[in-house]
Amino acid sequence: MYEVGKCRLKTLLRERNIQQKDLADKLDMSKQQINDYISGHTSTMSLKTAKNIASALGCHIEELYEWTLSKKKK
């Protein structure tokens, strides 16, 4: 089973030379909301938000977070 790790949004924005404000404006979101995902103040994005952000950045939803494979609980 996979577990969601650290948000990679800051890295993805840097790689694409996109500012948080520009992404927020494109998605009609606040810059603070984007910053909350980056800083970890908001646990994870909703599926809808993740899809919209991934689409805006030209990446797959899976790329928005680090993923770890956890051991199954017995």
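Side chains included, hydrogens not; waters and symmetry mates left out as well; all remaining heavy atoms used. Not measured: the values here are computed from a predicted model.
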Quick check: closest heavy atoms across Met29 and Thr49, and the distance to 0.1 Å? CE-CG2, 4.0 Å
Trp67 vs Glu62, side-chain contact (heavy atoms from CB on, under 4.5 Å): CA-CA, chis, key distance, verdict: CA-CA 8 Å; Trp67 296 90; Glu62 294 87 356; 4.2 Å; yes
Value rounded to 0.5 Å, distance of CD1 in Ile53 from NZ in Lys48: 12.0 Å
Please check this pair: side chain of Asn35 against backbone of Lys31, looking for a donor-acceptor N/O pair closer than 3.5 Å. no
Taking all heavy atoms of Asn52 and all of Leu27, pick out the closest pair and write down the distance. O-CD2, 3.7 Å
Set of side-chain contact (heavy atoms from CB on, under 4.5 Å) partners for Lys6, sequence neighbours left out: Glu66
Partners passing side chain to side chain donor-acceptor pair (under 3.5 Å) against Gln33 (at least two apart in sequence or in another chain): Tyr37
Specify the closest pair of heavy atoms between Arg8 and Glu15, including all atoms of both residues, with the distance to one decimal. NH2-OE2, 4.2 Å
Donor-acceptor contact present, side-chain Tyr65 to main-chain Leu9, <3.5 Å: no
Could you work out, with side chain to side chain donor-acceptor pair (under 3.5 Å) as the rule, every residue matching Thr44, not counting sequence neighbours? none
Can you confirm whether more than 12 heavy atoms, excluding those of Gln19, are under 6.0 Å from its CD atom? no
Is there a path of hydrophobic side-chain contacts, each under 4.5 Å between heavy atoms, that joins Met1 and Leu69? no
So Lys51 and His60, do their side chains get closer than 4.5 Å, heavy atoms only? no
Look up atom CG in Leu23 and atom CD1 in Ile34, then write down how far apart they are to the nearest 0.5 Å. 4.5 Å
Verify the distance criterion only: is there a donor paired with an acceptor across the side chains of Thr68 and Glu3 at less than 3.5 Å? no
Which atom names give the shortest non-hydrogen contact between Ala50 and Met45, and what distance separates them? CA-SD, 3.9 Å
Partner set under side chain to side chain donor-acceptor pair (under 3.5 Å) for Asp22, not counting sequence neighbours: none
Which residues satisfy the side chain to side chain donor-acceptor pair (under 3.5 Å) test with Asp36, sequence neighbours excluded? Gln32
Can you list everything that forms a side-chain contact (heavy atoms from CB on, under 4.5 Å) with Lys10? Sequence neighbours excluded, please. Arg14, Ile38
Please test Cys59 against Leu64 for side-chain contact (heavy atoms from CB on, under 4.5 Å), starting from the C-alpha separation and ending with a verdict. CA-CA 8 Å; Cys59 68; Leu64 296 176; 4.1 Å; yes
By the rule that ILVMFWY residues connect when side-chain heavy atoms come within less than 4.5 angstrom, directly or transitively, which residues belong alongside Leu47? Ile61
